[in-house]
Amino acid sequence: MSRTVRFALNGVATALDVADRTTLADALRDGARLTGTHLGCEHGVCGACTVIVDGLAVRACLMLAVQADGADVVTVEGLAPRDGGLGALQQAFHEHHALQCGFCTPGILTTMHALLTEEPEADEARIRDVLSGNLCRCTGYLPIIAAVMAARGAYRREGVE
Amino acid sequence: MSRSNAFVGSPMPRIEDARLLTGGARFVADLARHDLLHAVIVRSPLAHGRILAVDADAARAMDGVVALFTAADIGEVPLIPIRQHGVPEGEAYRQPVIAADRVRYVGEPVAIVVAREAAVAEDAAEAVVVDIDPLPVVADTAISARDETLVFAAPTNRVTTFRARAGGADAAFAAAPYTRRARFAVQRHTASPMETRGLLAEWDGESGHLTVHGATKVPFFNRDTLATMLGLGAGDVTLIEVDVGGGFGARGEFYPEDFLIPFAARRLGARVRWLEDRREHFSAMNHAREMTAEMEIACERDGRVIGIRGTVDVDLGAYVRTNGLTTPRNVAQFVTGPYLVPHIAIDVAVHVTNKTPTGTYRGPGRYEASFFCERLFDMAARDLGVDRAEFRMMNLIPEERLPYPLAHMDGLDASWQTELDNGAYGEVMARCLETFDWAAKSRLDGRLVDGRHHGIAVGAFVEGGAGGRGETARMTITADGMVEVAVGSTSLGQGLVTILTQIAADALSLPMDRIRLVHGSTNLVSQGGGSFHSRSTVMGGSAILLAAEALLQAIGEAAPHHEAAGKVRIEDGMVAVGDARLPLDAFAGLVVERQFFNKKLTYSYGAHAAHVSVDPRTGDVAVLDYVTVDDVGRVINPLTLHGQVVGALVQGLGSTFLEEIRYDEEGQLLTGSFADYLMPTATEVPPVRAISLGLRPCPNNPIGAKGAGEGGLIPVGGVIANAVAAALADFAVEPNTLPLTPPRLWHLIEAGRRAASDTTNADDPTNAEARP
Amino acid sequence: MKLPPVAYRCPESLDEAIALLAADDEAQILSGGQSLMPMLAFRLAAPSVLVDLRRVPGLDRIAIDAEGTHVGSRVTWRALERSHALAAAQPLLAAALPHIAHYQIRNRGTVGGSLAHADPAAELPAVALTLDATIEVAGPAGPRRIGAQDFFLGAMTTALEPGEIVTALHLPPAPATRRHGFEEFARRRGDFALAGIALSLDVTLPLDVTMARDRAAPRIEGARIAAFGIADVPLRLDAVEAALEGAVADASAVAAAEAACVASVTPDGDPSADAAYRRALLATLLGRALACALENPPAERAA
C-alpha cells in the first residue's frame, strides 16, 4: 500500500508518495533525491543514515517514512548555510581532517549538530559517548572528537537554533 | 628538474571535503538514472553441496520481476582470474562467477534477480528455492588437511606452500643456546568499509558499449577481465570510478558480481544496479587473516636473534580469488620485519575450506607475521632477562646493512623477491621510546594499581609500498587555463586528489586551484595500476612528476621563439619564455602522457609503544597510552598522513580486541550483522600520539616517498598482546590467540592462577615449552 | 535489506489499536521500532500490519505520586533520562539508563517496546524485576496488570496474550533511604551486556541500642537482586538474597554474596562468552554493585 507523506524537509514543505514499507532513509534518498543520507547497514547500528526529526537525531533506517508525517526533518543537506559554504561544524571537520572516505560523515554531522544544538557545553566524554552510536572505519574517531570540541563555540554563540 | 615546494609537505586541508560534508558526494548508490533496474543475488544457504535444482518459478511470476538468471542462462561460466602471476597451483581453485553445480560457501551466488524495485527484487530472491544435496563441510584447516572431503576436483585441499628461507635454520637451531616454541592463532575478520559494494552497469546496444560505475582499486585489470569474460574488446568497456566509501584492500577486486551485474545489463539491454547489503557483505566480501602458526625462535644468551622457523596454516576459504595468495606469501616473507635474523625457515600452507574466500586487508600477512614475531621476542627477552626495548634495539637491522634482502621465496621468480630499501630503524625506535617515556613507564610494568594490572610493550614494523605494475599520468592544458591531471590511481577515501594535486602543483609551479585532478576511470588514461599495496601516492605522484616534465617540454616546443629564449618556466601562473609571459590557455589542447615504472618496492618503517591495564576479574583491557613513530621517506601532507596512521591504528585495535567472523561446524556464518561483528567505536579509542617523519627519502622513486597507509595497523596485535602479557606476568599469561576478548583473557588468567597454586605446569595449549 | 511487504496503521485511540490487533492475527505493534525494524530488515519477522501507537493519547506520560511511578509505554529512554523527578524517585532505573543502546536509539526506543521485546540481555526487564514492578497491559478482554516476575517467560517471550498491548510500567515507591546498585559488562559501550546486575536493598541499624557494639553494626535487609544477560530471562538471585538477609553491611557481605552467586547461578554460555566466564563475571559484577550500594548512602548519590 502507498500513501502521501507530508513533512518539512530542511525547512521546505515536502510531499512524497511512499509505500508503507519504505523507510524514511529510502524515502529521502529515492523520493526526495537527497542522497547525503547514507545507508551503511540498514539495521540501525552504523548511524550513517542519522537525520534530525523534530530536533532529535534518529536512525532513518529504523523509521518508516509514513511515521515522519507532519514532522520537521533535517538532513545533512540542511546543515550548511543557505547562501553556500560550510556550517561551523562542517568547517571544523574540514580543518581537523575529521573525514576520509566521507561515507559515515553525514550521519555524524547530523548527530553532532543535534547534540551541540541542545548541549553546546558537551564535554569530551559526552561527545565520545554520543559518537559511539556512529561507526567510522577511516579516521579512528580522534579527529572527529577534536572537530566537534572545536565547533562548540559556534553553537554557544548561536544559542539553540 | 626544478620545482618549487609550496605545497608538498604542507598540511593542506582536503579538496575532497566540501562535497562530502554537504551531502553532495556521489557514491554508486546515489547515481540517478531513468528506467533503472535493481538486482539482488540469491546466495547459497549451505556451505557445501551439490545443486540439484533452482526453483525460481514463483519468483519469476512476481509482479515487477524482470528477469532471473542462473548458471544455466550464462552458459560457460567464467572463472575469476588470479591477479598474481607465477603461482600456477592456484588455478584449479578459482571461483566461478556463479555456482553451477556445486556450492562451496554460505553466500556463494546461485542466481540473480532483476526487478523494477529493490524491495521487489528482495521479495523475489526470498521466494527462490535452491535445492542442495549437502556434502560434508570442511570447516577448518585441520579438516581440510586430512583431504577426506575434497573441496575441488584437485587431489588435495592444500593449494600450495610458500617457503621463505634465509641462512640454514636447522643447523643454527641445533647449535643455538636458547630456543622457544609457541603456537599462535589469528582470527578471521574483514575490512568492512562503511560503504558496501555496488555497481551500476549500462549497456548501450547501438554502440555495443558497456559502462560500469562503481569501479575502484584496480579498474584497468577489472576492465580487461570483464571484457574478456563477455567477449568484448577492452575498448568496448568503460569502468567509471565514483566516490568510494573505503576499501582497505578488500573493495574493488574482481568479485562474482563484477561479472553478473554487467552480464544482466547486457542481456537485458538495460541499466542494472546492484547494491550489496550489509548482511550479504559479511558473506560476499573477502574475509582476511585466519591462520594458525607454530613458530620457534633461537637466540644467543645476550638476546641476539639467531633464527626464526615455523609453519603456518592459512584458512583461505573456498576459493583462490584475485589476490588470495598475497597474504600467505606476505606472512612467509615478513615474519622478521625490520629485524636482522640470519636464519629463517617459514612454511606457509594454504588450505581451502567451506567459508567465504579471503583476500587482502590492510597490512595483509604483515599484521599476522608481526604478531608472531613480536610475541616470540617478548617471550625470549623475558626468558633471557633482557629488557624488551633493548632486545629490539640490538636486533634491528643497522642502517649500514641496508638495503637488506628479505627471506628468499623458494620456487618463486625474481619478482616475488624483495629487499628493505633504507632507513634509520634504531633512531626511529629510540624516538618512539623517548616519546612514550619507556623508562618512566617501566616502573609501572607488571604492577597492580587499584585492581588493574599495568603493562607496557614496544614493537617495530616495516610496511611495503609501491607494488604492482606502472602508473600513468596524463596532463592536458584546458581552454580555461587549467591543467587537467588524469591518473590511473584510484581513491578510496585516502585524500588522493589533494595529495596528487599538491604534487602536480609543485611540479608545475602552479597554485593548486589551477590543477584539476581526475582519476581512476578507464577512459582517462591508457593504462593504470590502481590503489593497493600503499602505492597510489608513490606511483601516481611519480607518474605526475614525469608528466609535468614532459608538459613543460611540450610547452617549450610549442612556444614562439623558444629556441632563443631557452628553457620555459611557469611563473606566477604564466608561461615564461625569456622575458615574455604567455597565459597557460595559449597552450590549450597540449596533452602529454607518461608512465612510471617501479622495479623496487618502498619500505616505510616505524615503532609503536603501548601502555595497557587489565582487570583480572573481567578480562577487560584498557589502552591508556599509544605512541607511533614512523618514517615515510617524504611527507606529502601531514594532515592526511596523520589520518592514515590513526585510522589504521584504530582498525588494528579492532583486529586485536573486537572483530571476529565466526562460523559453526556446519559452515554457517554466525556474525552477519554489525550487532555481532564488533568494530571499534569512539568510546574504545585510546589517547594516541602519532609522529610521522620524513627522515630517509626513498631512493627508488623521484618523490622519495614511501607507502604510508598500513604501518599504523601492522604491529598493533603484537604490541598490545605483549603489553597484556607484561601486565599479567604474575600469572604467566601468554596471549597467543587473537582477538584478546575478555573471556579469553580471563581463562588465561585463571589458568595462570591454577598453575601457580598447583605448582605443576598448566596444560594450556597456548603456552610454549621453554628450553632455556 | 528492504522491509518485507507490510501495511501500516496509525490508530488514534487505544481501543482502535486493540481492534486492529484483534482483526488480524499477523498484526504487530510498532512502538519505537528500534528492535522491530532491524528484525524486519533481516526478514526475521513478517507481520501483515504494523499498528503504530504514536497517536494513541496518554501513553507518553510519566507520573510520580505516593502510589509509585507510572511510566507510559511510549515513553522514550530520552524522556526518562531528562526527567529529574524520575531520577530522584527511581534511582536504580536512572542508573541503568546510560547503559541502554546509543544516543539515536534512546531518542526513539520506548519502555513498552523494551518490555514487550523481552531481550534477555536488556536492562529494563531486570530493573523491573528488582523493583517488583507491574506491567499494565490492555487487550480485547480489558486491562490487566502483570507482575514483572510473571511477565518474562523466555527469550523474546512474554505473558502478553494475543491482541494485548503494554500500556505502562508501574514501579512501587521506594523509601528515600533505599540503596541501589547497577553494574553491567559489555564488549563496547551501548552493546548488550555479557552479564549484568540490578539490585536494591535497605541498610538498617538494629533498634536495640543497648546491644554490644559488634551486634549494633548496620545490617542488610530486603535485598532484591536480578541478573540479566545470563539466561533466557532476567533471574532473581534468591540464594544471594537469602545469604544477605541480616548480614552486616560491610566487605564480608560482598564476599558472601559473590560466593553465594558462584554457588547458586549457572549461566548459559554462547559464542560471545562461555558459561564459566559468565559465572565469574556475574559474581564480580554483583560484588561491585553491592559494594557501590553499601558505600554510597542515597543522599550522597543524589548529590
Side-chain angles (χ1 to χ4, degrees), chain A residues 1-3 5 18-27 29-30 39-71 107-108 110-112 114-115 118-119 122 125-135, chain C residues 1-11 27-28 30-55 60 74 76-79 81-82 97-110 113 117 186-192:
Chain A
M1 188 172 163
S2 77
R3 64 186 79 210
V5 54
V18 298
D20 282 4
R21 64 161 146 173
T22 303
T23 63
L24 177 59
D26 280 335
R29 293 178 49 78
D30 302 335
L39 292 172
C41 75
E42 295 182 284
H43 56 272
V45 183
C46 81
C49 69
T50 304
V51 299
I52 304 170
V53 176
D54 293 331
L56 304 182
V58 303
R59 306 210 194 279
C61 74
L62 296 188
M63 189 172 161
L64 296 172
V66 290
Q67 292 182 290
D69 195 51
I108 292 178
T110 47
T111 302
M112 290 298 136
L115 174 70
E118 191 170 45
E119 302 175 36
R126 174 66 173 158
I127 290 166
R128 277 187 186 245
D129 182 47
V130 172
L131 184 57
S132 72
N134 294 75
L135 294 176
Chain C
M1 293 171 67
K2 307 306 175 196
L3 307 194
V6 66
Y8 172 84
R9 294 298 188 85
C10 194
Q28 193 160 349
L30 176 64
S31 188
Q34 304 300 283
S35 300
L36 179 57
M37 289 288 283
M39 291 178 71
L40 295 174
F42 281 104
R43 299 198 176 209
L44 297 171
S48 56
V49 184
L50 293 173
V51 179
D52 189 350
L53 297 182
R54 73 190 181 101
R55 292 212 177 106
D60 57 355
R74 283 271 308 150
T76 61
W77 305 120
R78 171 192 165 84
E81 275 179 317
R82 300 181 78 79
L97 288 175
H99 297 275
I100 299 174
H102 295 101
Y103 183 70
Q104 299 98 328
I105 301 285
R106 291 202 293 267
N107 281 339
R108 279 188 75 77
T110 65
H117 186 59
R187 295 290 302 280
R188 298 173 305 181
R189 180 50 220 94
D191 283 347
F192 278 118

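Throughout, a chain's letter reflects where its sequence line sits, starting with A, and its residues are numbered from 1. As the structure is a computational prediction, the values presented were derived from the model and not from experiment. Computation of the quantities below employed the complete heavy-atom set of this structure, encompassing side-chain atoms and omitting hydrogens, waters and symmetry-equivalent molecules.
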In sequence, state the C-alpha distance, the side-chain angles, and the governing distance for Gln104(C) and Leu62(A), and then conclude on side-chain contact (heavy atoms from CB on, under 4.5 Å). CA-CA 10 Å; Gln104(C) 299 98 328; Leu62(A) 296 188; over 6 Å; no

Among Glu42(A), Arg21(A), His43(A), Arg3(A), the residue with the most heavy-atom pairs under 4.5 Å to chain C is Arg21(A)

Contact list (residues 44-56 of chain A to chain C, heavy-atom gap under 4.5 Å, by number) returns Gly44(A), Thr50(A), Leu56(A)

Counting distance only, does the side-chain N/O of Arg108(C) pair as donor-acceptor with the main-chain N or O of Met63(A) below 3.5 Å? no

Interatomic distance, NE2@His102(C) vs CG@Leu135(A), rounded to 0.5 Å, equals 8.0 Å

So, the part of Asn107(C) with a heavy atom under 4.5 Å from chain A: the answer is both

Of Leu50(C), Asp52(C), Leu40(C), the one forming a side-chain contact (heavy atoms from CB on, under 4.5 Å) with Leu64(A) is Leu50(C)

*asked:* When you compare the side chain of Thr23(A) with that of Met37(C), does any pair of heavy atoms fall below 4.5 Å?
replied: yes

In terms of heavy-atom contacts, Tyr103(C) and Ala114(A) come closest through OH-C, 3.9 Å

Taken to the nearest 0.5 Å, the spacing of Glu118(A) CD from Arg78(C) CZ works out to 4.0 Å

Note: vs chain C, highest number of non-hydrogen pairs under 4.5 angstrom among Leu131(A), Thr22(A), Asp69(A) is Asp69(A)

Determine whether more than 12 heavy atoms belonging to other residues, nucleotides or ligands lie under 6.0 Å from atom CZ of Arg9(C).
no

Okay, Pro4(C) and chain A: the region with an atom under 4.5 Å from a heavy atom over there is backbone

Cut-off 4.5 Å, heavy atoms of chain A, and the answer for Leu36(C) is neither

